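Keep in mind it's a predicted model, so treat the numbers as computed, not measured.
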Amino acid sequence: MVKVRFAPSPTGYLHIGGARTALFNWLYAKHNNGKFVLRIEDTDRERSTKESEQEILDSLKWLGLDWDEGPGKSADDSMYYQTKRLPVYHKYAEKLLNEGKAYKCFCTREELDAERKKAEAEKRAFKYDGRCSRLSAGEIKANIDSGKPYTVRIKVEQSGETVMHDIVRGEVRVQNSTLDDIIILRADKMPIYNFVVVVDDVEMGITHVIRGDDHLSNTPKQIHIYRALGFELPRFAHIPLILGADKSKLSKRHGETSVMRYKEMGFLPEAMVNYLALLGWSPDSEETIFTPEELASKFDLDKVHKSGAMFDNKKLTHINGVHIRKKNIDDLTALCVPYMKKDGLITQDDVNTRLEFIKHTVFLQQEKLQTLSEISALSDYFYRDDIVLNADAAKVLEKNSAEKGKILEILLSVLETAGVDKTKVEELLKTEMEKAAIKPKAYMHVIRAVLSGTTQGPGLYDIIETLGLEKSRKRIKAAL
RNA sequence: GCCGCUAUCGUCUAACGGUUAGGACACGGGGUUCUCAAUCCUGUAAUUGGAGUUCGAUUCUCCAUAGCGGUACCA
């Protein structure tokens, strides 16, 4: 059975790139009726926080990327937190030490840093020379007796090459001579990523390691660790990075990268999923709009592209608009309400007492919305007492100033007899205006400006009907 | 520097070695419409360069160039 995992380190929010990696794993698991595991890689104690972890969990949940195993899925979560599995890693490290496949390295970080710097200054590649592996038993004992801290390194064979078969990259070869002895345990006994990732993937039975391209050069090292441990290799798939506008790996300096910020900005999770899936992968067909379920049924690793993909907010926004248009009005309203509340258009009381009205105003803007957050600016004139006349609308009134008074007088009388029913108003207004020899374009534009303060929006008669008699009358009188 | 990866419209991408190099976003034009949006039609726009293999290279090989990633007691 296919079993994949997403293994974030809780050192910050879940960003777009991480979300896409999680998504590809999730899609692959779903597609193959496999399992999707979430594991928290918190061995970097200095930077890991509980808040970050919570935000990552919330982000994944929001995106709908539910995990089969991981935090919150069983009575005992400890298996999914690396800091809670320290004895396991120590056990394996001990085993390697006993078998002579690993050794204790007494070199200090300072010494190594100095050598690295020197090598850099001399334009040489720095590589640890493995000197501690050649220490005599006596020297080792002396070091330990004197309490000298040590890291644990795995000895890496220096001849030959390591070949990996990546599902998306194909065959990748590296000369072993370019690798140095890999640290698996820090001086404080905390295990290192390359080591824990191997141990955990094996212990969890991960069959496919799907991760960002930036891990490609770690893979040969990990393969050496697998071999030292006598483990079988999983299948690897390195997916292309998501790039910013300058084609470097997407990061904060390119703008918003936090998944939760996209939620705040009014993006739908299914739109994020849809867009992210298309970044680095393409379906057989030429369609572009998919539900998460459709993506899961179509997704496969062999259609994953090799090169990095630039994140394009415009396309995301377009896809978001399409998904918004597909929403039913109850769901869309529920989604819009938080934004309307935040922008002061409505209160919870309004939600309780005039939900149908709110729904209707949302309905009128549905086809125009690209992001949920736009709802307030588009429909505020339905909620305000008075309009705010924008520049374009002012221009319209000015242009038609000669007829404005007459138009409004007629409208007023039409409303008095017809009420605000949109078909009745349309009918009567049309005949009355014809009598007065006023062109539709002229009176409609003027009325729209007076009633909404803008030059765009839903159909004019929808506006009148939604506004109601009282507000319409008030705005007409104010403009006269 | 060293190691690795990558290279098709501005962007995301498609194309058994044979296509007028296709689609989507964005942009431009037009239809529809009371406006905007939506929708429909439509236009502009790409194979990094050089060798080689081949009857024929976007596609295979090599070189160059460029970009990216890695080069930690981070993940």
Pairwise P distance, B/G17 and B/C60 [rounded to whole Å] = 8 Å
For the ring-ring contact (aromatic ring centres under 6.0 Å, His included) test, which of A/Tyr28, A/Phe6, A/Phe24 pairs with A/His208?
-> A/Tyr28
Could you measure between the two P atoms, the one in B/C25 and the one in B/U39, and give it in whole Å?
-> 9 Å
In whole Å, what separates the C1' atom of B/U20 from that of B/A15?
-> 14 Å
Comparing A/Glu367 with A/Asp188, nearest RNA chain B nucleotide closer to 5' gives the residue A/Glu367
Which is true for A/Pro458 with a 4.0 Å heavy-atom rule: it touches a base, it touches only sugar-phosphate, or it touches nothing?
-> base
At under 4.0 Å between heavy atoms, what does A/Leu216 touch on the DNA or RNA strands: base, sugar-phosphate, or nothing?
-> sugar-phosphate
Donor-acceptor pair under 3.5 Å: do we get one between A/Arg169's side chain and the base of B/C5?
-> no
When only distance counts, do a donor and an acceptor, one from the side chain of A/Asn218 and one from the base of B/A75, lie under 3.5 Å apart?
-> yes
Could you work out the separation of B/A7 and B/U48 based on their C1' atoms and round it to a whole Å?
-> 7 Å
Quote, to the nearest angstrom, the P distance that separates B/U13 from B/G50.
-> 26 Å
Rounded distance in Å between the P positions of B/G22 and B/U44 = 11 Å
Position toward the 5' end of RNA chain B (nearest nucleotide), A/Ala187 or A/Pro240 = A/Pro240
When the ring planes of A/Tyr262 and A/Phe267 are compared, do they come out parallel, tilted or perpendicular, using 30° and 60° as the limits?
-> tilted
On a plain distance test, is the side chain of A/Lys249 in donor-acceptor contact with the base of B/C68 below 3.5 Å?
-> no
When you check the phosphate oxygens OP1 and OP2 of B/U11, does a side-chain N or O of A/Lys247 lie under 4.0 Å from one of them?
-> yes
Pairwise P distance, B/U11 and B/A26 [rounded to whole Å] = 16 Å
If we ignore angles and hydrogens, is there a donor and acceptor under 3.5 Å between the side chains of A/Tyr92 and A/Glu203?
-> yes
Spacing of the P atoms in B/C5 and B/C9 (rounded, Å) = 22 Å
Is there a donor in the side chain of A/Asp181 and an acceptor in the side chain of A/Tyr103, or the other way round, less than 3.5 Å apart?
-> yes
What does A/Val172 touch in the nucleic acid at a heavy-atom separation under 4.0 angstrom: a base, only the sugar-phosphate, or nothing?
-> sugar-phosphate
